[in-house]
Amino acid sequence: MTAQNIAPAPQDLAASSIITDECSVTDVVVAAMAGAENGRLRQIAEAFVRHMHAFAREVRLTEEEFDLGIEFLNSIGQASHDLHNEAILFSDAIGFSTLVCLLNNGQNGATETASALLGPFWRMNSPHTENGDSIVRSPTPGPALFAHCRVADPKGQPLAGVEVDVWQASPVGLYENQDANQCEMNLRGKFTTDQDGRFWFRSVKPAGYPVPTDGPVGDLLRAQKRHPYRPAHLHFLGFKPGYKTLITQVFVDDDGRLESDVVFGVTRHLIGNFRPGEGTPPAADVTGPWYRLDYEFVMEPGEAKLPKPPIK
Ligand code: BEZ
Ligand code: FE
């Protein structure tokens, strides 16, 4: 068959996917996708294609670079499994997770938000824990921490019955699912706020830690001469029907890396006041230094929905 035989009749050119040159490819692809019945899919796919094509044009992407990019994407998939989510890590490391968080929380992104990225380590079924109990479930080094928190609505009224998930890395810098030396669900717990909107628990003061660097995101960070550390923090997820689920983190104020979080999660609002304990410790077995954190969370009326857990 000759090229002439397959050339479209002039009246079919508008619907044709035959590419004439570099300039025409974007419009042709967008037109080919226009049949999607879901309008939001149509909008997202079209914008994605336009921006990807514009990106390739802007940097004049070479074929070698294209191959490297595809290899990078493949390696993100290959590095991910039930206990590790490299795709979220990548999104976090390029600030994309924080951007999406800021777009969807706070006053339509206009003000500093009380939310922060979920990260790759939230697990859905952390153990229900009574107020005042400890989330230290296996021997864990570090100064004791006594956290006293309150959840209120935007008018300052206490919110009772909020389920608050708490999770953190050990002072060794690993979440329990990354560390054979910690028991299942160590440093994780789910609390329920009382009539005054309060929940409180014991833990250990978190330490900063490096995000996993043994995969493609680690390669990227090294190539960009970036350190892999997150400043010390606790994660919180507040859930109550009728209120927008609050996903956030509270950062330790004396951490030297607050200004250079590798995943861009820190806002000033989220820097907690971790006060060194003075006088008699709140528990008899505390012999060394200890800290107290007081923090107030605000949850707005809205839709309560849980994110998809990044790991099992
Ligand atoms: C975390 O805080 O758990 C986290 C967030 C982003 C990347 C890696 C870890
Ligand atoms: Fe974390």
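When a ligand or atom number is given, it counts from 1 through the structure's own listing order. Note that the coordinates shown come from a computational prediction; the quantities given were computed from them, not determined experimentally.
Paired with Ser115 under the rule side chain to side chain contact (heavy atoms under 4.5 Å, CB included), one option of Leu246, Thr98, Ile247, Leu270 passes, and it is Leu246.
Surrounding CD of Glu58 are at most 12 heavy atoms belonging to other residues, nucleotides or ligands under 6.0 Å away.
Taking a cut-off of 2.8 Å, the protein N, O or S atoms nearer than that to the Fe ion (ligand 2) are Tyr175 OH, Tyr209 OH, His233 NE2, His235 NE2.
With ring centers used as reference points, Tyr295 lies 6.0 Å or more from Phe236. Close placement of the Tyr209 and His233 rings is indicated, their centers lying within 6.0 Å of each other.
Taking a 4.5 Å side-chain heavy-atom cut-off between Ile, Leu, Val, Met, Phe, Trp and Tyr, the cluster of Phe146 extends to Val286, Trp290. Listed by chain and number, the hydrophobic cluster partners of Val28 are Ile19, Val25, Val29, Val30, Met33, Val49, where partners are ILVMFWY side chains within reach of under 4.5 Å, directly or through others.
Between His84 and His81, the ring-plane angle classifies as tilted under the 30° and 60° cut-offs.
Near ligand 1, heavy-atom contacts under 4.0 Å come from Leu89, Asp92, Gly119, Pro120, Phe121, Tyr175, Tyr209, Val211, Arg230, His233, His235, Val263.
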Trace of the side chain to side chain contact (heavy atoms under 4.5 Å, CB included) decision for Val263 with Ser97: CA-CA 8 Å; Val263 299; Ser97 306; over 6 Å; no

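Summarising the geometry of Ser138 relative to Asn186, their closest heavy-atom pair is N-OD1, 3.2 Å, with the distance given to 0.1 Å.
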